[in-house]
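Each remark here refers to the structure printed beneath this line.
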Amino acid sequence: MIPSWAKDAKIGNQCINAKAETVAEKPSFRSAFKKRRCLIVATGFYEWQVQGRTKHPMWIGLKNQHPFAFAGLWEHWTPAEGQPLETCTIITTEPNALMAPIHNRMPVILAPTSYDQWLDPAFQQIDSLKALLRPYPRDELTVYPVSTLVNNPRHDVPQCLEPVSV
DNA sequence: CCAGACGTTGTT
DNA sequence: GTCTGG
DNA sequence: CCAGACGTTGTT
DNA sequence: GTCTGG
(Lines give C-alpha, C1' and ligand atoms only; values in the text may rest on other atoms or scores of the structure.)
Protein backbone atom coordinates (compact mmCIF):
# COMPACT_ATOMS: atom_id res chain seq x y z
CA MET A 1 0.00 0.00 0.00
CA ILE A 2 1.27 3.47 -0.86
CA PRO A 3 0.24 6.15 1.68
CA SER A 4 -1.40 9.18 0.09
CA TRP A 5 1.39 11.50 1.25
CA ALA A 6 4.20 9.43 -0.27
CA LYS A 7 6.49 11.27 -2.69
CA ASP A 8 7.94 7.99 -3.91
CA ALA A 9 6.01 4.82 -4.59
CA LYS A 10 8.86 2.88 -2.97
CA ILE A 11 7.40 3.83 0.41
CA GLY A 12 4.93 1.09 -0.43
CA ASN A 13 7.67 -1.54 -0.18
CA GLN A 14 7.68 -1.12 3.57
CA CYS A 15 3.89 -1.28 3.79
CA ILE A 16 3.48 -4.80 2.40
CA ASN A 17 1.67 -5.67 5.63
CA ALA A 18 0.47 -3.74 8.68
CA LYS A 19 0.77 -5.08 12.21
CA ALA A 20 -2.50 -5.19 14.13
CA GLU A 21 -0.62 -4.18 17.27
CA THR A 22 0.50 -0.83 15.81
CA VAL A 23 -1.79 -0.10 12.86
CA ALA A 24 -3.77 2.53 14.79
CA GLU A 25 -0.67 4.59 15.58
CA LYS A 26 1.75 4.26 12.66
CA PRO A 27 1.68 7.32 10.36
CA SER A 28 1.68 5.03 7.33
CA PHE A 29 -1.50 3.24 8.38
CA ARG A 30 -3.55 5.10 10.98
CA SER A 31 -5.51 7.24 8.54
CA ALA A 32 -6.51 4.25 6.44
CA PHE A 33 -7.26 2.28 9.59
CA LYS A 34 -9.73 4.96 10.63
CA LYS A 35 -11.41 5.64 7.30
CA ARG A 36 -10.33 3.29 4.51
CA ARG A 37 -10.78 -0.29 5.57
CA CYS A 38 -11.51 -3.10 3.12
CA LEU A 39 -11.99 -6.84 2.81
CA ILE A 40 -9.55 -8.86 0.72
CA VAL A 41 -11.22 -12.05 -0.40
CA ALA A 42 -9.38 -15.38 -0.57
CA THR A 43 -9.90 -19.09 -0.23
CA GLY A 44 -6.49 -19.71 1.32
CA PHE A 45 -2.94 -18.44 1.78
CA TYR A 46 0.58 -19.83 1.83
CA GLU A 47 3.31 -19.69 4.43
CA TRP A 48 6.76 -21.23 4.23
CA GLN A 49 7.76 -23.40 7.17
CA VAL A 50 11.48 -23.44 7.75
CA GLN A 51 12.87 -26.89 8.65
CA GLY A 52 16.62 -26.92 8.90
CA ARG A 53 17.93 -25.57 5.62
CA THR A 54 14.76 -26.04 3.62
CA LYS A 55 11.47 -24.19 3.35
CA HIS A 56 8.24 -26.09 2.89
CA PRO A 57 5.30 -24.15 1.48
CA MET A 58 2.06 -24.78 3.37
CA TRP A 59 -1.51 -23.99 2.38
CA ILE A 60 -3.86 -22.63 5.01
CA GLY A 61 -7.61 -22.15 4.59
CA LEU A 62 -11.00 -22.83 6.10
CA LYS A 63 -11.88 -26.45 6.84
CA ASN A 64 -15.13 -26.00 4.91
CA GLN A 65 -13.14 -24.60 1.94
CA HIS A 66 -15.32 -21.49 1.84
CA PRO A 67 -13.93 -18.11 0.79
CA PHE A 68 -13.10 -15.71 3.62
CA ALA A 69 -11.92 -12.12 4.04
CA PHE A 70 -8.60 -10.70 5.23
CA ALA A 71 -8.75 -7.41 7.10
CA GLY A 72 -7.31 -4.87 4.67
CA LEU A 73 -6.62 -1.15 4.32
CA TRP A 74 -6.57 0.88 1.13
CA GLU A 75 -5.21 4.22 -0.08
CA HIS A 76 -5.55 6.51 -3.05
CA TRP A 77 -2.18 7.85 -4.23
CA THR A 78 -1.46 10.44 -6.89
CA PRO A 79 2.11 10.48 -8.24
CA ALA A 80 3.81 13.64 -9.45
CA GLU A 81 3.43 12.28 -12.96
CA GLY A 82 1.22 9.50 -14.19
CA GLN A 83 -2.00 7.89 -13.19
CA PRO A 84 -3.37 7.77 -9.65
CA LEU A 85 -3.22 4.37 -7.96
CA GLU A 86 -5.41 2.59 -5.47
CA THR A 87 -3.39 0.18 -3.36
CA CYS A 88 -4.04 -2.03 -0.35
CA THR A 89 -2.36 -4.02 2.41
CA ILE A 90 -3.26 -6.93 4.68
CA ILE A 91 -3.13 -6.65 8.46
CA THR A 92 -1.20 -9.34 10.33
CA THR A 93 -1.35 -10.55 13.92
CA GLU A 94 0.30 -13.12 16.14
CA PRO A 95 -0.21 -16.74 15.06
CA ASN A 96 -2.80 -19.06 16.59
CA ALA A 97 -1.79 -22.51 17.83
CA LEU A 98 -2.18 -24.02 14.36
CA MET A 99 0.06 -21.43 12.71
CA ALA A 100 2.67 -21.00 15.43
CA PRO A 101 4.81 -24.01 14.35
CA ILE A 102 4.83 -22.66 10.79
CA HIS A 103 5.29 -18.95 11.09
CA ASN A 104 5.58 -16.11 13.59
CA ARG A 105 2.73 -14.09 12.08
CA MET A 106 -0.59 -14.73 10.41
CA PRO A 107 -2.97 -12.55 8.39
CA VAL A 108 -6.09 -11.29 10.14
CA ILE A 109 -9.21 -13.12 8.94
CA LEU A 110 -12.45 -11.37 9.86
CA ALA A 111 -15.62 -13.09 11.01
CA PRO A 112 -18.54 -12.39 8.63
CA THR A 113 -20.41 -10.81 11.54
CA SER A 114 -17.83 -8.02 11.63
CA TYR A 115 -17.83 -7.17 7.89
CA ASP A 116 -20.38 -4.35 8.15
CA GLN A 117 -18.59 -2.58 10.98
CA TRP A 118 -15.20 -3.04 9.37
CA LEU A 119 -16.36 -1.60 6.05
CA ASP A 120 -18.25 1.39 7.48
CA PRO A 121 -15.95 4.45 7.19
CA ALA A 122 -18.24 6.33 9.57
CA PHE A 123 -17.47 3.81 12.31
CA GLN A 124 -14.28 5.13 13.90
CA GLN A 125 -14.12 3.65 17.39
CA ILE A 126 -10.48 2.66 17.36
CA ASP A 127 -10.64 0.27 20.30
CA SER A 128 -13.64 -1.56 18.86
CA LEU A 129 -11.93 -1.85 15.49
CA LYS A 130 -8.70 -3.11 17.04
CA ALA A 131 -10.72 -5.72 18.94
CA LEU A 132 -11.69 -7.29 15.60
CA LEU A 133 -8.03 -7.98 14.75
CA ARG A 134 -7.61 -11.33 16.48
CA PRO A 135 -5.93 -14.58 15.42
CA TYR A 136 -8.62 -16.66 13.70
CA PRO A 137 -9.99 -19.65 15.67
CA ARG A 138 -7.68 -22.59 14.98
CA ASP A 139 -10.51 -25.11 14.93
CA GLU A 140 -11.96 -23.59 11.75
CA LEU A 141 -8.69 -23.68 9.82
CA THR A 142 -6.80 -26.47 8.12
CA VAL A 143 -3.20 -26.67 6.93
CA TYR A 144 -1.35 -29.02 4.62
CA PRO A 145 1.98 -29.03 2.78
CA VAL A 146 2.06 -28.24 -0.95
CA SER A 147 4.62 -28.49 -3.76
CA THR A 148 7.49 -26.01 -4.10
CA LEU A 149 5.89 -25.36 -7.48
CA VAL A 150 4.19 -22.50 -5.69
CA ASN A 151 7.55 -20.84 -5.03
CA ASN A 152 7.48 -19.47 -8.56
CA PRO A 153 4.64 -16.96 -8.91
CA ARG A 154 4.37 -17.79 -12.62
CA HIS A 155 2.99 -21.16 -11.59
CA ASP A 156 -0.58 -19.94 -11.24
CA VAL A 157 -2.03 -23.43 -11.58
CA PRO A 158 -4.34 -25.78 -9.63
CA GLN A 159 -1.41 -28.06 -8.73
CA CYS A 160 -0.25 -25.38 -6.29
CA LEU A 161 -3.25 -26.32 -4.14
CA GLU A 162 -2.66 -30.09 -4.12
CA PRO A 163 -1.48 -31.69 -0.89
CA VAL A 164 1.92 -33.44 -0.96
CA SER A 165 3.51 -35.73 1.58
CA VAL A 166 6.49 -34.27 3.46
C1' DC B 1 11.42 26.86 12.92
C1' DC B 2 12.93 23.12 9.17
C1' DA B 3 14.36 18.33 7.85
C1' DG B 4 13.45 13.84 7.72
C1' DA B 5 10.94 9.88 8.72
C1' DC B 6 6.95 7.38 8.14
C1' DG B 7 7.56 -0.37 7.82
C1' DT B 8 7.00 -5.47 7.39
C1' DT B 9 8.68 -9.83 6.06
C1' DG B 10 12.59 -12.58 6.99
C1' DT B 11 17.18 -12.89 8.21
C1' DT B 12 21.19 -11.74 10.84
C1' DG C 1 -0.38 14.47 6.38
C1' DT C 2 1.81 14.54 10.87
C1' DC C 3 5.19 13.70 14.20
C1' DT C 4 10.00 13.71 16.04
C1' DG C 5 14.53 15.38 16.42
C1' DG C 6 17.76 18.95 15.97
C1' DC D 1 6.44 -14.27 0.14
C1' DC D 2 10.05 -16.00 -3.95
C1' DA D 3 12.48 -15.33 -8.47
C1' DG D 4 15.20 -12.74 -11.17
C1' DA D 5 17.58 -8.75 -12.43
C1' DC D 6 21.27 -5.81 -11.65
C1' DG D 7 24.35 -2.70 -18.05
C1' DT D 8 26.62 -0.45 -22.06
C1' DT D 9 28.22 -0.07 -26.77
C1' DG D 10 26.82 -0.19 -31.26
C1' DT D 11 23.87 -1.86 -34.68
C1' DT D 12 19.32 -3.14 -36.47
C1' DG E 1 22.99 -6.38 -1.43
C1' DT E 2 18.67 -4.54 -2.93
C1' DC E 3 14.99 -3.72 -5.84
C1' DT E 4 11.16 -5.08 -9.03
C1' DG E 5 7.78 -8.08 -10.80
C1' DG E 6 4.65 -11.69 -10.18
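Values below: every heavy atom of this structure, side chains too, minus hydrogens, waters and symmetry copies. Convention: sequence-line order gives letters A, B, ...; per-chain numbering from 1.
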### Distance, rounded to the nearest Å, where A/N17 contributes CG and B/dC6 contributes C1'
17 Å

### Task
Rounded to the nearest angstrom, tell me the gap between atom CG in A/L149 and atom C1' in D/dC2.
13 Å

### Message
Please check: side-chain N/O of A/H155 versus main-chain N/O of A/L149, any donor-acceptor pairing under 3.5 Å?
### Response
yes

### Message
Can you tell me if A/K55 touches the phosphate of D/dA3, counting only side-chain N or O atoms and a distance under 4.0 Å to OP1 or OP2?
### Response
no

### Task
Calculate the interatomic distance between A/W48 atom CH2 and B/dT11 atom C1'; express it in whole Å.
16 Å

### Task
Select one nucleotide: of D/dC2, B/dG7, B/dT8, the one nearest the side-chain heavy atoms of A/K19.
B/dT8

### Query
Is it true that A/F45 and A/F70 have ring centroids separated by less than 6.0 Å?
yes

### Summary
Whole-Å distance, A/E75 CD to B/dC6 C1', equals 12 Å

### Task
Taking only the side-chain nitrogens and oxygens of A/K26, find out if one of them lies under 4.0 Å from OP1 or OP2 of B/dG7.
yes

### Main-chain N/O of A/A9 paired to A/W77 side chain as donor or acceptor, under 3.5 Å
no

### Query
B/dT11 P sits how many Å from A/E47 CD, rounded?
11 Å

### Query
With the 4.5 Å side-chain cut-off for hydrophobic clustering, are A/V23 and A/I2 part of the same group?
no

### Query
Of the nucleotides B/dT9, B/dT11, B/dC6, which one has an atom closest to the side chain of A/W5?
B/dC6

### Task
Shoot me the first and last contacting nucleotide of DNA chain C against chain A, ordered 5' to 3', at under 4.0 angstrom to non-hydrogen atoms.
C/dG1 to C/dC3

### Task
In whole angstrom, give the distance that lies between atom CG of A/L73 and atom P of B/dT8.
11 Å

### Query
Is there a side-chain polar atom (N or O) of A/T22 under 4.0 Å from OP1 or OP2 of B/dT8?
yes

### Query
Taking NZ, NE, NH1 and NH2 as the nitrogens, is one of them in A/R105 or A/E21 under 4.0 Å from a carboxylate oxygen of the other?
yes

### Query
If we call it a pair only when both distances are under 3.5 Å in a Watson-Crick or G-U wobble match, what pairs with D/dT8?
none

### Query
Would one find a side-chain N or O of A/R105 under 4.0 angstrom from OP1 or OP2 of B/dT8?
no

### Pair assignment for B/dA3, Watson-Crick or G-U wobble, requiring both distances under 3.5 Å
C/dT4

### Query
Which is true for A/F29 with a 4.0 Å heavy-atom rule: it touches a base, it touches only sugar-phosphate, or it touches nothing?
sugar-phosphate

#### Entry: Side chain of A/N152 - closest among B/dG7, B/dT8, D/dA3
D/dA3

### Query
Sub-3.5 Å donor-acceptor pair from the side chain of A/R36 to the main-chain atoms of A/L73, do we have one?
no

### Message
I'd like to know if A/F33 and A/Y115 are part of one continuous hydrophobic network [Ile/Leu/Val/Met/Phe/Trp/Tyr, side-chain heavy atoms within less than 4.5 Å].
### Response
yes

### Query
Nearest-Å distance, CD1 (A/I90) to P (B/dT9)?
12 Å

### Task
Could you work out the separation of E/dT2 and B/dT11 based on their P atoms and round it to a whole Å?
15 Å

### Query
Using 30° and 60° as the class limits, which term best fits the ring planes of A/Y46 and A/W48: parallel, tilted or perpendicular?
tilted

### Message
Within the 4.0 Å heavy-atom criterion, would you say A/N104 contacts the bases, only the backbone, or no part of the nucleic acid?
### Response
sugar-phosphate

### Task
Examine D/dG4: is either OP1 or OP2 under 4.0 Å from a nitrogen or oxygen in the side chain of A/R154? Give yes or no.
yes

### Message
Suppose you measure atom P in E/dC3 against the same atom in B/dC6; what distance do you get, rounded to whole Å?
### Response
14 Å

### Query
Given atom CD of A/Q14 and atom P of B/dT8, what is their separation to the nearest angstrom?
9 Å

#### Entry: Euclidean distance for P, D/dT8 against E/dG1 (whole angstrom)
23 Å

### Query
For the residue pair A/Y144 and A/W59, does the interplanar ring angle fall in the parallel (under 30°), tilted (30 to 60°) or perpendicular (over 60°) class?
parallel

### Task
Please determine, for the side chain of A/V50, which listed nucleotide (B/dC6, B/dT11, B/dT9) has the closest atom?
B/dT11

### Message
Measuring to OP1 and OP2 of B/dT9, would you say a side-chain N or O of A/T92 lies under 4.0 angstrom away?
### Response
yes

### Query
Looking only at atom C1', what distance separates D/dC2 and B/dT9, rounded to whole Å?
12 Å

